[in-house]
Amino acid sequence: MGIGRLSDGLALTPPMGWNSWNRFGVKIDERLVLETAEAMVSSGMREAGYRYVVIDDGWMAPKRDRSGDFVADPEKFPSGIKDLADRIHALDLRFGIYTDAGTKTCQDLPASLGYEFRDARRFAEWGVDYVKVDWCHTEGMGPRALYAKWAMALHAARRPIVLSICEWGRARPWEWAGRIGHLWRTCWDIQPEWSSILTILDRQAELHPYAGPDHWNDPDMLEVGNGELTSDQSRAHFALWSILAAPLMAGNDLRTMSDEVREILTAPEIVAIDQDAAGRQGRRVRHEGDVDIWIRTLGANGDCAIAVLNRGPVAREDHIVLEEIGVAPRTNVRVRDLWKRIDVGEVQRGIVIATSPNSATVLGLNPQ
Ligand code: GAL
């Protein structure tokens with residue numbers, strides 16, 4: 001540990017799964033979590049790549065036990081966390097949990113300061129595969145040292161566990177967290193609103209050099225299917241997160257989601273952008289008025305995905321010269337619509353892209 005990037009192979013592509021927080025807050029219990037895991041299988045999400053079922057803040061009892069170990073809230077999780085993890089594993093899924101690096105969680109429940117090794121050991125005994133470590137109640141502490149301690153504690157627990165660092169991007173974690181954990185939040189909490197998605201997006205534009213296999217920028221969990229986001233806004237959110245090589249942690253109610261929401265979350269050619277094995281995070285090549293153009297290079301032979309994002313309320317048409325996105329002049333480029341999964345033709349010099357209000361057009365470009 002300490003030299004170079006983490007490379008233990010636990011997150012070669014950005015983690016995919018579900019987390020309870022965005023939709024349920026602290027109102028979680030074992031029934032909800034099991035039903036969600038079952039829905040992940042029956043909806044086809046597991047098949048599409050979603051693996052981790054993560055319980056966020058609110059799972060713990062207000063006090064540790066006499067020996068100092070974490071205890072699950074007995075009303076919410078009467079069968080205990082080990083039993084829950086076993087049942088999730090039986091569905092061929094993985095189980096994730098939450099704690100906080102400070103004296104209390106953000107919801108004022110017991111947290112891990114001074115208990116890192118004990119908690120990591122307990123999580124390992126329970127069969128935890130992923131731990132999100134939050135940053136509330138840490139006054140005066142240095143995130144780098146404290147998260148490094150967490151990495152050591154997980155290492156000592158001798159179970160492969162993904163470490164999700166959640167200090168909201170305050171101490172520029174992209175510069176140091178890749179040596180310690182597999183993903184790190186880059187921003188404050190997302191909200192199920194278009195303005196929140198745009199604000200977060202703007203913070204990611206310069207972060208592409210820092211991500212790669214086993215170390216990912218985390219612009220926060222998905223809001224697809226939550227709040228008042230329209231279907232165009234949800235699609236844009238999902239596609240842009242894929243261009244960003246973001247962890248895809250669904251944050252909606254999987255048990256009751258509409259077909260439309262399910263189709264967004266499982267869209268094969270959009271998920272494939274996110275999970276591209278080369279792991280190169282996309283970047284913004286144009287940011288002008290209401291239009292953004294984002295591009296992500298895929299694989300090894302010059303293929304790429306582009307998203308033209310119309311941030312505003314008016315439909316528009318934008319012209320892109322292929323050189324602007326790094327395609328050599330006089331190259332024939334095959335164009336594919338990655339939502340509709342149809343080839344739309346070949347172009348040579350440039351392309352005109354129509355985008356409805358508050359939406360993103362997402363194309364695959366394949367230079368011949
Ligand atoms: C925040 C974190 C959220 C959620 C919440 C729980 O700090 O960013 O994602 O975990 O705490 O209280």
Side-chain angles (χ1 to χ4, degrees), residues 14-29 32-33 36 52-62 70 72-73 76-77 81 95-113 116 119 123 128-143 146-147 150 161-174 177 180-193 195-197 199-201 203-204 207 216-227 229 237 241 244 246-254:
M16 294 175 67
W18 172 87
N19 175 299
S20 53
W21 183 255
N22 282 358
R23 172 70 177 76
F24 297 99
V26 297
K27 293 201 187 105
I28 52 174
D29 58 34
L32 164 72
V33 180
T36 299
Y52 293 95
V53 176
V54 182
I55 51 174
D56 206 281
D57 207 346
W59 64 267
M60 53 289 265
F70 255 140
D73 183 316
K76 294 174 169 175
F77 296 94
I81 302 296
F95 176 64
I97 206 163
Y98 164 101
T99 185
D100 182 287
T103 52
K104 284 184 285 182
T105 74
C106 303
Q107 305 302 314
D108 291 341
L109 287 162
S112 291
L113 186 67
E116 295 82 3
D119 291 349
F123 291 163
V128 166
D129 306 296
Y130 178 113
V131 61
K132 169 174 170 182
V133 182
D134 211 345
W135 193 245
C136 281
H137 302 289
T138 54
E139 290 70 18
M141 289 174 234
L146 206 42
Y147 281 113
W150 259 102
I161 298 180
V162 170
L163 174 56
S164 160
I165 292 175
C166 180
E167 66 75 76
W168 318 300
R170 291 201 316 184
R172 302 178 65 81
W174 43 89
I180 295 174
H182 301 89
L183 58 154
W184 54 87
R185 279 275 295 278
T186 57
C187 54
W188 299 113
D189 290 14
I190 193 168
Q191 306 297 326
E193 289 157 17
S195 60
S196 166
I197 285 160
T199 305
I200 289 182
L201 207 49
R203 286 188 60 103
Q204 315 307 312
L207 301 186
W216 307 103
N217 288 301
D218 175 10
D220 207 359
M221 305 171 291
L222 298 169
E223 293 284 16
V224 174
N226 286 341
L229 288 178
H237 167 33
W241 261 234
L244 290 172
L248 297 180
M249 301 301 276
N252 59 316
D253 188 343
L254 304 189

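All ligand and atom numbering here is 1-based and tracks the order in the structure.
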With sequence neighbours excluded, what pairs up with Trp135 under the side-chain hydrogen bond (donor to acceptor under 3.5 Å, both in side chains) test?
Thr138

Can you name the salt bridge (charged side-chain N to carboxylate O under 4.0 Å, His left out) partners of Arg170, sequence neighbours left out?
none

Any idea how Trp150 and Phe123 line up, ring-wise: parallel (<30°), tilted (30 to 60°), or perpendicular (>60°)?
parallel

Applying salt bridge (charged side-chain N to carboxylate O under 4.0 Å, His left out), can you list everything that pairs with Asp119, at least two apart in sequence or on another chain?
Arg64

Return yes if some donor-acceptor pair links the side-chain N/O of Asn252 with the main-chain N/O of Leu254 below 3.5 Å, else return no.
no

Kindly give the heavy-atom pair with the smallest separation between Gly169 and Trp174, and that separation in Å.
O-CH2, 3.8 Å

Distance filter under 4.0 Å, heavy atoms only, around ligand 1 gives Trp21, Asp56, Asp57, Tyr98, Cys106, Gln107, Lys132, Asp134, Cys166, Trp168, Arg185, Asp189, Met221

